[in-house]
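One structure below.
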Number of protein chains: 2
Amino acid sequence: MGAECHHAESAQPGLEGVALANAVAAAQAQCERTRERLTPPRRRVLELLLESDGPMKAYDLIAAYGQDGEPAKPPTVYRALEFLERLGFAHRIESLNAYVPCRMEGAGHRAAFLICECCGAAQEFEPDFSAQFAAAEIAGYAVRTVTLEARGLCPACKVQT
Amino acid sequence: MGAECHHAESAQPGLEGVALANAVAAAQAQCERTRERLTPPRRRVLELLLESDGPMKAYDLIAAYGQDGEPAKPPTVYRALEFLERLGFAHRIESLNAYVPCRMEGAGHRAAFLICECCGAAQEFEPDFSAQFAAAEIAGYAVRTVTLEARGLCPACKVQT
DNA sequence: CTAGTTATGTTATTTCATAACGCTGCGGGT
DNA sequence: ACCCGCAGCGTTATGAAATAACATAACTAG
């Protein structure tokens, strides 16, 4: 994923082993609570996102989908992503055409990201949209969702060249 | 552009005649001040954006480019859009894959939009990113640009069904 | 069990964006 | 005046991202 620099992309190391299993199990449990179904393709895509060190493109997911190297068909992955986004298990980063697993505990529908233009890392943070909601109210808009993406340099890339 | 509803999309009526000419002339003047060149394709794409009632897709611009009905080649339009964005004359709306002319006076690199999911209107507003900058600073990020897109219903669509 | 709904598999296509290459025309230096 | 370097453009082709459409399978409530 590191597109422009050589730093190890370790800001958000992917999950493995037990941590991965726990994360998937947590998603499973939440689904059962809300009568949603974490079906095999959905689970598989969630796993891939959680394992990744950084944002994944849809076609990265498609290529990585089959344990045997067989790619998925695009709709399989896009449908899974739609589900994961709806449930809040994943977010789309519009400015990258890429996807990340949600790293925030129980954050509902709010998402905000700090995106490093050097190494490609994307860090989710808890947004405070009060100023934006105020602006929306003045304009008479009923806001449903807000996406915010701040681009710049992460601490590691800021230091080096 | 109105995708899902029948309301007139009049929130941001396009410019015509003298108003259009004035807007283009203002861009021209600013270019001259900064030694940038508002070449014919750039001027043409800017005109098309200013004339439009709402966000335009890249291929809308491509189709509308020639006064004689001849479409442009994609790179022509994408290069012009890149220029217009760099100069702050236009903004890309990531969540729509669409472009709008900048409506804010002298706003530098900040852009924020209220997007109606019913009629497709996109209203630019003056963002206050102080909360986000604070969050970025805590995380050690050096932010360069921020894009914010709030999706919901505009006043007109909120009232009707 | 069976009808309705939700999810998946599959094929094909559409939409969005950029790579690569050569030509042109303007501006700066000597 | 020259020519040289670079920004901009035209053109062909391709790559990347996302969805349409339709058939089949799997749950679930009655």
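Chain naming here is simple, since letters A, B, ... match the order of the sequence lines and numbering starts at 1 in each.
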Using the side-chain contact (heavy atoms from CB on, under 4.5 Å) rule, take B:I138 and A:F125 through it: C-alpha gap first, then chi angles, then the decisive distance, then the call. CA-CA 10 Å; B:I138 291 169; A:F125 69 99; over 6 Å; no
In whole Å, what is the span from the CZ atom of B:F83 to the C1' atom of D:dC9? 14 Å
Counting C-beta onward and ignoring hydrogens, is there a side-chain heavy-atom pair between B:L81 and B:L61 closer than 4.5 Å? yes
Mind calculating the distance between CD (A:E36) and C1' (C:dT6) to the nearest angstrom? 10 Å
If only atom types and distance count, is the side chain of B:R42 paired as donor or acceptor with the main-chain N or O of B:R37 below 3.5 Å? yes
Has A:Y78 got a side-chain N or O lying under 4.0 Å from the OP1 or OP2 atom of D:dA18? yes
Rounded to whole Å, CD of A:E94 lies from C1' of C:dA17 at a distance of 16 Å
Could you tell me the separation between the CZ atom of A:R92 and the C1' atom of D:dA18, rounded to a whole number of Å? 9 Å
Hey, does A:R35 reach any base, or is it just sugar-phosphate, or nothing, if we go heavy atoms under 4.0 Å? nothing
Reading nucleotides 23-29 of chain C 5' to 3', which nucleotides get B (base under 4.0 Å from a protein heavy atom), which S (sugar-phosphate only), which -? -------
Taking atom types as modelled, find out whether B:E85 and B:H91 have a side-chain donor-acceptor pair closer than 3.5 angstrom. no
Please answer: with hydrophobic residues joined when any side-chain heavy atoms are less than 4.5 Å apart, are B:I115 and A:Y141 in the same cluster? no
Just how far, in rounded Å, is C1' of C:dT15 from CD1 of B:I62? 10 Å
If you compare every side-chain N and O of A:T39 against the phosphate oxygens of C:dT8 (OP1, OP2), does one of them come in below 4.0 Å? yes
Does C:dT15 have OP1 or OP2 under 4.0 Å away from a side-chain N or O of B:K57? no
Between A:E82 and A:R79, does at least one N-O distance fall below 4.0 Å, as a salt bridge requires? no
A:Y78 and A:I93: same hydrophobic cluster, using ILVMFWY side-chain contacts below 4.5 Å? no
Between B:Y59 and B:L84, is there shared hydrophobic-cluster membership here, with clusters defined by ILVMFWY side-chain heavy atoms closer than 4.5 Å? yes
Using whole Å, what does the distance between atom P of nucleotide D:dA17 and atom CG of B:L96 come to? 19 Å
Base contacts versus sugar-phosphate-only contacts with protein, heavy atoms under 4.0 Å: please encode nucleotides 10-15 of chain D as B, S and - from 5' to 3'. BBB---
Would A:S95 and A:E149 count as having a side-chain donor-acceptor pair, cut-off 3.5 Å? yes
For B:L87 and D:dA7, what is the distance between atoms CG and P respectively, to the nearest whole Å? 15 Å
Just the rounded figure in Å: distance from C1' of C:dT8 to CG of A:L38. 15 Å
